[in-house]
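By convention here, the first residue in the shown sequence is residue 1.
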Amino acid sequence: MILSELYNYYLRLLGEDHDVVPRKGWSNEKVSWKLPIGDDGSLGEPIFLGEEGKDGPKYKYMMVPEHVVRAGIKPIPFFLCDTAAYLLGLDDKNGAVKRKASCERHLELLSTCAGPEAARLRAFFRREDVMEDLSDAARESLAQGGACVLSFAGGRCAHEVPEIMNAWDSSQREGGRSGRIGQCGITGETGKLARLFPQVTGIPGAQSSGASLVSFNQQSFESYGKKQSYNASLSDSAAFGAGTALKYLFQDDRHRIRLGSMTVVFWADREAPVEDALMLELLGGAAAASEDARTRSQVEAALKSIRISRRLVTIDTSVRYFVLGVSPNAARLVARFFEVGTLGELAENYGWYLRDIDIVRDAGLARQNTSLLTLLRQTALLGKDENLPAPLVNPCFRAMLRGTRFPASLETALLSRMRADHGANNRWDMMDRASLMKACLVRKQRLASTQAADKESEVTVALNRNNENVGYLLGRLFAVMERAQQGAQGANLNATIRDKYMGSAATTPARVYGNLLGLCQKHVGAMRRDAANGWLVRRVEREFDEIFGLLAGGERPIPATLGNDDQLMFYVGYYQERVDLWTKRLQDDEQSGSSNDEEE
């Protein structure tokens, strides 16, 4: 199904704009140099096509005769667009051999081609002293690498001359009549089968020569005596179309995002620029530079509607989208997932995701992170994308698209990171982790239909004073004790109870809470001796009374251990109570009789 939809996308792109994707026999390649050819076949000074400057690209994309995969020791020259080693022989080891192979192929293909441009090319490829036309500086520049194209006076490239283009297309049609014949598994038509699937280049983590989505490079993968891509039974044209569409998606930042080592590409079943922009946002991508103000306005309005579960008005929700997650594996591309659905379905699931991760914002932070990739970085060592495990990213992304449960491995990873660093590396760590933990809990409750009718275990956006879950209450209690310590000893401590006891408090609370409560009473006593802390003493004591009332009300002792769900509840309760304690609130009117705000 993946190949079929990619091929259909290629046909649509080809029908919309011939300059977007190449037709059969052509490819969109990176070209760095233009080599001018004179009337007598002489070679002029090379012209650099990339952008000058340290950060500018060293190439320009051009539609040129197709580049196939070079394999083996035998030189394989490309037509009219190749490296200087093939076109000029600029190679200390095999330059003469590569130049000879290139000359033979070009002279064969141009032998029946009329016109002055073809004559100049034939003169160029018959020369044996072509390198003498180059200066030493030009040789050094070309030796740095990059593909070259041949051009004539006025800057016209050789592959743009109609007579030469026809000669190349004719050779491709002749080649299409030879080879293994069979029925294509995509089109159902009988024709030449593809021996190799097109290589996709420029993928981080894959080989520089490219990686293939369809590959059979071991006997264990083969069947019925068929080798290589003949196992897949893809016609040459269908394989070219699907591979070209995949290349286009990988190169287009409007249809591609990165999730760690995985790349996610998407496309629609029709032309829908506004919907594409919205889809990019739903998947966590940044707005494209080419996006206009009107599109940006429509997308922002749609995102607001999705967040509050309101029907989209200016967006066509019937557009069908295909979402493909791909990661490299040496010379292969591994399809991690493939999701199909209408924009309306995907937007509804994304709305659930936004509401599930929604949590009270920590004071001092501009906004809450909503990107799944940003949140998942909290499970990676040092918060780096390269440390994100693919077995975790893929199911989490599927869960967001499908509206299903997050994997248990996400809960395990979050709890592991909390035990390792207590969410104290950055100010936003605790908020991001609590956000994901809340999402795991909320989805589990909602999809299992186990949420209690009296809301006693409901996980809300902000502090839920009616939540009687023991993990949630112990987390709240820990936040209160931490606040009391900071009030008594100041905020600039070398190590707080969070640094020393949080891991134990969340896993084996009965072992540490006795000592922590005794320590907390000392901190409250120290605060009482400072009149400026009167309001904080009242806050802490009020929270203690409320939490112990819920714990003792059920006559529940502090448990010896907490399971994974209760540990998640612990950290969510801790974070929400902590935010509530540090947020400016009205002082207790019964104690002060004023309406001044409580200050830290």
State plainly whether the residues Asp385 and Arg377 are in salt-bridge range, i.e. N to O under 4.0 Å. yes
Is there a donor-acceptor contact under 3.5 Å linking the side chains of Glu275 and Tyr321? no
Check Arg398 with Glu339, please: is the shortest side-chain N to carboxylate O separation under 4.0 Å? no
Hey, are Asp358 and Arg307 close enough for a salt bridge, meaning a charged N less than 4.0 Å from a carboxylate O? no
According to the side-chain hydrogen bond (donor to acceptor under 3.5 Å, both in side chains) rule, which pairs have a member within residues 500-522, sequence neighbours left out? none
Determine whether the side chains of Thr295 and Asp292 contain a donor N or O and an acceptor N or O closer than 3.5 Å. yes
Is there a side-chain contact between Val299 and Ile315 (heavy atoms, below 4.5 Å)? no
Will you find, in the side chains of Arg498 and Tyr574, an N or O donor that is under 3.5 Å from an N or O acceptor? yes
Quickly, which of Phe266, Trp267, Phe322, Phe250 forms a ring pair (Phe, Tyr, Trp, His ring centres under 6.0 Å) with His255? Name it, please. Phe266
Qualifying residue, where the test is side chain to side chain donor-acceptor pair (under 3.5 Å) with Asp580 and the options are Arg465, Arg483, Arg476: Arg465
Indicate whether the side chain of Gln378 and that of Asp429 have a donor and an acceptor atom separated by less than 3.5 Å. yes
Considering only heavy atoms from C-beta outward, does the side chain of Phe478 approach that of Ile497 to under 4.5 Å? yes
Salt bridge check: are Arg258 and Asp253 linked by an N-O gap of less than 4.0 Å? no
Does either side chain, that of Asn369 or that of Ser371, offer a donor lying less than 3.5 Å from an acceptor on the other one? no
Any side-chain donor paired with an acceptor under 3.5 Å for Thr379 and Arg417? no
Do Arg402 and Trp352 meet the cation-pi criteria used here (NZ or CZ under 6.0 Å from the six-membered ring centre, within 45° of the axis)? no
Heavy-atom side-chain proximity of Arg539 to Val480 below 4.5 angstrom: no
